[in-house]
Amino acid sequence: MTAEAKARAACLIGWPAAHSRSPLIHHYWLRALGIEGGYSIEAVPPEGFAEFVLHLSTHGFVGANITIPHKERALALSTPDQRARAVGAANTLWYDGAELRSTNTDIEGFINNLDACAPGWDAATDALVLGAGGASRAVVFGLIERGIKRVHLANRTIERARALANLFGAKVDPVSWDAIADLLPQVGLLVNTTSLGMEGQPALDLDVGLLPSHAVVADLVYVPLQTPLLSAARARGLKTADGLGMLLHQAVRGFELWFGQRPEVTSDLRDLVEADLTKG
Ligand code: ATR
C-alpha cells in the first residue's frame with residue numbers, strides 16, 4: 001500500500017455542494033502538523049445520505065462534518081453524545097472502533113472562542129441571547145453547561161423562544177423582541193444568533209450604549225466579519241467575540257477525532273480564512 005493510499009481523509013457532507021471554508025481550515029492544520037491526510041466536500045442528496053453515512057469508511061473516510069440539510073438525519077444514523085442530543089443535530093461524525101459516533105461542535109466552538117477573546121466572560125450572571133434557531137440552541141446549551149445563571153432568550157417569534165426554554169428548563173427566560181432594550185443594562189453577555197447584520201440583511205437595531213461597561217458582545221455572523229453590532233460594541237470599548245472565531249474553534253474537535261492531534265487556532269489560520277472571506 002502506498003503512503004497516499006493509507007492517508008486518512010475526512011469530508012464535509014451537504015446538499016447542494018456546500019461552499020465552505022472547512023477544507024481551507026483542515027488543510028492548513030494537516031500541513032502545519034505534517035499529517036498526510038485529506039478533507040473534501042461531498043455533495044450527497046437526501047436520498048443517498050443514509051447509504052453514504054452508514055458506509056462512510058467504504059467511501060474512504062475516517063469521519064465527516066455534516067451540514068445542511070443532513071444534521072438531524074446524521075444524529076439519527078449514529079450514536080450521538082450528550083451535546084449532539086442537546087442540540088438535536090450532529091455536525092461531526094467519527095468512528096470509535098466500528099461504531100459511528102457523533103457530536104455537535106458548535107457548543108465548544110462558541111464557548112472556546114469566548115474564552116480566547118474575552119477571558120472572564122463567564123463572570124456574567126445574566127446573558128441575553130437573540131434568536132431561537134439551531135445556532136441559538138447550541139449557544140444556550142453551552143451557556144447553561146458553563147454555569148451562567150440566567151439566559152434571557154429573545155426571539156421575533158416568541159413561541160420558538162418558549163419552545164427552547166421548555167427544552168432547557170427554568171434558567172432560560174423566553175422574552176419578546178420588544179423586551180431587549182429593558183434587559184440590556186443587566187446583562188454581562190449579549191449574543192446575536194439571528195441572521196440580522198449578515199450581508200444582505202438588515203442590521204440589528206439595538207443600542208449597545210445600554211449595556212454595562214463590563215459586558216461582552218458575541219456575534220455568530222461572520223459575513224461580514226465586522227458586523228454593525230460588533231463595530232458598535234468595539235467603538236464603546238466592549239470586549240467582543242466574532243463568528244469567524246467560533247467557526248475556527250468549532251473545527252478543532254473534528255480534526256482531533258479524525259487525525260489524532262489537537263490543532264491550534266492560530267492568528268495565521270485566522271488571517272488565511274479572513275483573506276478568503278474578504279475576497280468574496
Ligand atoms: P439557525 O439555525 O442558523 O439559527 P434559523 O433556524 O433560520 O437559523 O434561525 C434564524 C433566527 O434569526 C431566528 O431566531 C429568526 O427569528 P424567527 O424565529 O422569528 O424567524 C431570526 N431572524 C431572522 N430574520 C429576522 C429579523 N428580520 N428580525 C428578527 N429576527 C430575525
Side-chain angles (χ1 to χ4, degrees), residues 12-16 18-22 65-75 80 83-92 102-111 113-114 127-144 151-168 172-184 187 189-208 217-225 227-230 232 241-251 277:
L12 170 66
I13 308 173
W15 183 260
H19 181 63
S20 162
R21 271 80 193 185
S22 293
N65 281 135
I66 308 294
T67 189
I68 292 166
H70 300 310
K71 288 193 212 177
E72 287 81 12
R73 295 265 320 279
L75 181 86
R83 292 183 158 194
R85 281 200 306 273
V87 179
N91 70 356
T92 303
S102 65
T103 186
N104 190 304
T105 63
D106 284 341
I107 299 164
E108 67 205 74
F110 172 68
I111 296 292
N113 185 43
L114 270 176
L128 172 57
V129 177
L130 310 178
S136 170
R137 200 162 150 172
V139 164
V140 171
F141 180 81
L143 293 178
I144 291 173
V151 179
H152 306 279
L153 183 60
N155 198 49
R156 176 179 59 179
T157 315
I158 194 170
E159 288 73 24
R160 288 185 87 192
R162 289 200 185 110
L164 262 194
N166 285 339
L167 215 57
F168 290 125
V172 182
D173 165 38
V175 296
S176 74
W177 198 251
D178 299 340
I180 293 173
D182 286 343
L183 279 165
L184 287 175
V187 302
L189 175 69
L190 171 69
V191 188
N192 176 43
T193 78
T194 75
S195 46
L196 292 170
M198 203 180 274
E199 211 165 74
Q201 299 286 321
L204 187 57
D205 180 19
L206 170 159
D207 180 5
V208 294
V217 176
D219 200 335
L220 270 51
V221 171
Y222 62 90
V223 181
L225 212 51
T227 61
L229 173 67
L230 292 177
D242 69 13
L244 175 56
M246 174 172 169
L247 178 77
L248 300 177
H249 280 278
Q250 71 76 34
L277 282 172

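Note that the structure is a prediction, hence the values are computed from the model and not measured. All ligand and atom numbering here is 1-based and tracks the order in the structure.
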Handout entry: Asn65: partners by side chain to side chain donor-acceptor pair (under 3.5 Å), with sequence neighbours left out
Key =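 Scan of Asn65 (side chain to side chain donor-acceptor pair (under 3.5 Å), adjacent residues dropped) gives Tyr39, Thr92.
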Handout entry: Euclidean distance, Ser176 OG relative to Arg162 CZ, rounded to 0.5 Å
Key =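 These two atoms lie 9.0 Å from each other.
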Practice task
Could you pull out all residues at least two apart from Ala251 that satisfy side-chain contact (heavy atoms from CB on, under 4.5 Å)?
Solution key: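 Testing Ala251 for side-chain contact (heavy atoms from CB on, under 4.5 Å), a comparison that skips the adjacent residues, returns Ile25, His26, Trp29.
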Problem - Residues forming a side-chain contact (heavy atoms from CB on, under 4.5 Å) with Arg85, sequence neighbours excluded - result: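 Partners of Arg85 by the side-chain contact (heavy atoms from CB on, under 4.5 Å) criterion, ordered by chain and then number, come out as Pro80, Gln82.
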Practice task
Assess whether atom CG of Asp205 is packed by more than 12 heavy atoms of other residues, nucleotides or ligands within 6.0 Å.
Solution key: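 Open.
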Problem - Arg83 backbone acceptor or donor facing Asn104 side chain under 3.5 Å - result: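 Absent.
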Exercise for the section: For ligand 1, would you mind listing the residues that have at least one heavy atom less than 4.0 Å away, ordered by chain and number? Expected result: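 Lining ligand 1 at under 4.0 Å, by heavy atoms, one finds Gly131, Ala132, Gly133, Gly134, Ala135, Asn155, Arg156, Thr157, Arg160, Trp177, Thr194, Ser195, Leu196.
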